[in-house]
Amino acid sequence: MKNIVIIGGGVGGTLVSNYLSHKLKEEIREGKTKITLISDRDKQLYEPGLLYMIFNRMEEGELFKELTYLLDPMIDLKIERATKIVADENYVETEKGRYDYDYLVIATGSRIVPEEVPGLVEGGHWFYNVEGARRLRDELARFKGGKIVVSIMGIPHKCPVAPIEVTFMLHDFFKLHRLRDKVEILYTYPINRVFTLENVTEVVVEYFNERGIKYKTFFNPIEVDAKNKKIITLEGEEEPYDLLIAIPPHKGSQLIIDSGLGDRDGWVPTDRYTLKVEGYDNIYAVGDATNLPVSKAGSVAHFEAEVISENIAAQIKGLPPTARYFGKAMCFIEMGFDLGTYIWFDYETPPKLVKPNKFIHWSKIAYNRLYWLTARGVL
Amino acid sequence: MSRIVVDARGSFCPGPLMELVKTIKDAEVGTEIEVLSSDESSAKDIPEWVKKAGHELVGVEKKGDYWSIVVKKLK
């Protein structure tokens, strides 16, 4: 009996589990293989939906689905918090027990750590978790004028394009409410351009300028003065705000840190092609959990899950594991309430941006509803 | 004088600059930080940021297939 254990019930974890159960149907039926998914929550959150929730364009109820609904019934689902991975002895400890594995997949994702910027918890808002999105939704509904700063306070973070999207959507939101002339929007980014990829930057700056959206670069916040509503930066600047929408710093899962498997920020050192955790032949990492120089985004987890499941299934069947990940990513970029574009790229192919149009926006709106088919391994 | 070496080889923009930013936040004034980067744009982006942030650029040197950029924290 070969045991495959997957930790994490996000998009990466459910996809690897479902792909594996499809590929290993026979082996599971014959009792030769077992797939166990360990998740500390019983529902999956469709994280991209939070961006729509803050503008009341998706409801909270639409953003969750039970893992039992998403997973193939042949997968053994354990709703337990994993507390330690003992990698050298091939087992995982949880609050309830111990799981030995032949193959382990780390799909523990990333998390925001707003508490790492002094004053941010008291003085800022964010939409990178449900609680933050609820608070920001209510604040935006109340906001009748003043200065909104969208500030990226650390790289890497989940969904690299989300800060750009929220900025464009703020413009349209206040335009619809006939308040745009009373609202100043400022976007800030840590490096010397508004986004990491140069050709995306060119288009974004053009559309920012057309919409009167201001931006500042080389802007690395170190503190938020919540009382006086100011952001203080490493570069020595002070930026006042009326409403701060921060992209808080991110870290890997506490489980990774506690298991000694991560770097300084808890990202798992991962081979960029095989997706094996460095130093281990039977452990793979998928999605946000890795230290790979690719986007922390659902599409990346999706493409990586294909490679990992193919290679583990091959090994179980006694075949050589030859699938490789080449950095493929695909991201929709909303540029308002009725305009969108997308980028596609990999390790060697820079992205090309298609001219923003309504069709891509509506494709994204449709995908928001279709996403659960992706998590189930169908789409 | 203490020196911290940040080996960011193999990571692309903005990796090396962001590694420097993280390290400099926690370092003591006077510390030298040497960033090793295999991404050519670091040799331009890091000095630009150092100038804006008011630190000292001690040197930029190409060493085979990577760049060594040394920065001194001034404040």
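In the text below, chain A, chain B and the rest are named by the order of the sequence lines, each starting its count at 1. No experiment lies behind these values; they were computed from the predicted model shown.
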Nearest atoms (heavy-atom pairs only) where Asp45(B) meets Phe218(A)
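Where Asp45(B) meets Phe218(A) most closely, the heavy atoms are O-CZ, 3.7 Å.
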Within the supplied structure, the quantity of interest is the number of heavy atoms (other residues, nucleotides, ligands) at a distance under 6.0 Å from Lys227(A) NZ; does it exceed 12?
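Incorrect, the count does not exceed 12.
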Within the supplied structure, the quantity of interest is the number of heavy atoms (other residues, nucleotides, ligands) at a distance under 6.0 Å from Glu56(B) CD; does it exceed 12?
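Yes, enclosed.
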Is it the backbone or the side chain of Thr233(A) that comes under 4.5 Å from a heavy atom of chain B, or both, or neither?
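Nothing of Thr233(A), per the 4.5 Å heavy-atom cut-off to chain B.
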What distance separates Leu234(A) CG from His55(B) NE2, expressed to the nearest 0.5 Å?
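Leu234(A) CG to His55(B) NE2: 5.0 Å, rounded to 0.5 Å.
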Approximate separation, where rounding is to 0.5 Å, of Glu235(A) CD and Lys51(B) NZ:
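Reported value, rounded in 0.5 Å steps: 14.5 Å.
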Under 3.5 Å, which donor-acceptor pairs do the side chains of residues 18-27 of chain B form with other protein atoms, sequence neighbours left out?
unit_1   : atom_1 : unit_2    : atom_2 : d
Glu19(B) : OE1    : Arg264(A) : NH2    : 3.3
Lys22(B) : NZ     : Asp265(A) : OD2    : 2.9
Thr23(B) : OG1    : Glu19(B)  : O      : 2.7

Which residues pass the ring pair (Phe, Tyr, Trp, His ring centres under 6.0 Å) test with Tyr187(A), not counting sequence neighbours?
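Tyr187(A) satisfies ring pair (Phe, Tyr, Trp, His ring centres under 6.0 Å) with Phe208(A) only.
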